[in-house]
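Here's the structure, in structure tokens; my notes come after.
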2 protein chains.
Amino acid sequence: MALSRDQITKAALRILRKYGFADLSMRRIAAELDAQPSALYWHVQNKQELLVMAAVAILEPCRGDDVLQLTRSVRAALSSVRDGADVALIAVAASPKPLPGLSRLPEMLREFGLPEQDADWGARTLVHHILAAVAEEQNAAALGTSVDPHASEAFDFGVRAILRGIGAERAAMDEPTLF
Amino acid sequence: MALSRDQITKAALRILRKYGFADLSMRRIAAELDAQPSALYWHVQNKQELLVMAAVAILEPCRGDDVLQLTRSVRAALSSVRDGADVALIAVAASPKPLPGLSRLPEMLREFGLPEQDADWGARTLVHHILAAVAEEQNAAALGTSVDPHASEAFDFGVRAILRGIGAERAAMDEPTLF
DNA sequence: ACCTGAACACCGTTCAAGT
DNA sequence: ACCTGAACACCGTTCAAGT
């Protein structure tokens, strides 16, 4: 089968799911597709771009009618792929344009009535929380460390705390749309 | 000069400061110390352990009489070393025991009167914010992306929001010790 | 247009052997 | 006790050459 950006992305996700981030090399992806490593470079500029493509694919299906739902959806999407948070962490750092799912957060906060800067900074704080929380969970799982049985509650606790804290105290209480 | 864990840590920090995380290899550190790469493995189990040692050295001097001061101190310490946040991110994931500086956060929140679980989760949210915020700044700097001129305010905004949000609304207002 | 083959300049880690 | 030398099994990326 002919190579394509889509094929390459899917092969990367297969390797990620089965073997994790440490095994996600250009050479491994090429082998998965029965091609030479150098062949990938016709379709993709470098490994960073490939990681962004993988992150976009992971975050694509994220939905949510309110902030808490959306953050949970992002958490679930990242958790569904081994080392998904590590990939997303690199992608947000490398990508000039915002990633799907995450990009909706500042919009939601603005629609909710927050001043623009509060909405932007608040969204960034939320993204930091999501990525770091999932990264911590996944790394603990990878190391065989005991997984926190209350991880979901701890996650929601953080999201709610940030929402309350960004000047949405009233909001968090009175406005059901936010939760 | 004879090798030691301390010499190795310092050599690692020198490379980090001058050339960044991408150049921080065992072979590079060995070269910096005029030794063979294999020599390092008598003093250190593997690269992960070395990264934890580097993170500990970076975070060692962190101080602060209240939460905001401490978080600022951690931010400054991480910012002072190129890619410091990336190293810390890996170290917190890899290290079984808490890192200096960061470990004081849950204590402070408890002393302040928060229930134990709120203090722990709140501290974790704060740590996530700090590490991800600095990582984002440093990666933007490395990519030549325009550095946010309000990075410090955005950082404080996040810390304050989290503090308010973890049930310390009254605290954040009434209790000067927290800020 | 799309891919192979070969090369360049690297990695982390192990382990026998030296001193 | 502490380190060298050599090896193993890898990396990302480039680029002439093939089809």
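Chain letters run A, B, ... following the sequence lines, proteins first, then strands; residues in each count from 1.
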Atom [atom1] of [X] and atom [atom2] of [N]: how far apart are they, to the nearest Å?
| X | N | atom1 | atom2 | answer |
| --- | --- | --- | --- | --- |
| A:Leu51 | D:dC11 | CG | P | 14 Å |
| B:Leu33 | D:dT4 | CG | P | 10 Å |
| A:Leu50 | D:dT13 | CG | C1' | 14 Å |
| B:Met26 | C:dT14 | CE | P | 10 Å |
| B:Tyr41 | D:dC8 | OH | P | 17 Å |
| A:Arg5 | C:dC2 | CZ | P | 13 Å |
| B:Asp23 | C:dG12 | CG | C1' | 16 Å |
| B:Phe21 | C:dG12 | CZ | C1' | 13 Å |

Does the side chain of [X] pick up a donor-acceptor pair with the side chain of [Y] at under 3.5 Å?
| X | Y | answer |
| --- | --- | --- |
| A:Arg72 | A:Ser152 | no |
| A:Gln117 | B:His150 | no |
| A:His128 | B:Glu136 | yes |

Hunt down the Watson-Crick or G-U wobble partner of C:dC11, both distances under 3.5 Å, from any strand shown, or write none. none

Partner of C:dT19 under the Watson-Crick or G-U wobble criteria, both distances under 3.5 Å, comes out as D:dA1

Main-chain N/O of B:Val92 paired to B:Ser95 side chain as donor or acceptor, under 3.5 Å: no

Quick one: is [X] getting a side-chain N or O under 4.0 Å of the [N] phosphate, OP1 or OP2?
| X | N | value |
| --- | --- | --- |
| B:His43 | D:dC3 | yes |
| B:Gln36 | D:dC3 | no |
| B:Ser25 | C:dC11 | yes |

Whichever of A:Arg27 and B:Pro37 has the more 5' nearest nucleotide on DNA chain D, that residue is B:Pro37

Say you pick atom P in D:dA9 and the same atom in C:dA9; how far apart are they, in whole Å? 23 Å

Looking only at non-hydrogen atoms, find the nearest pair between A:Thr9 and A:Met53 and report the distance. OG1-CE, 3.0 Å

The side chain of A:Trp42 lies closest to which of these nucleotides: C:dA1, D:dT4, D:dC15? C:dA1

Could you check which of D:dT13, C:dC11, D:dA1 has an atom nearest any side-chain atom of A:Lys47? D:dT13

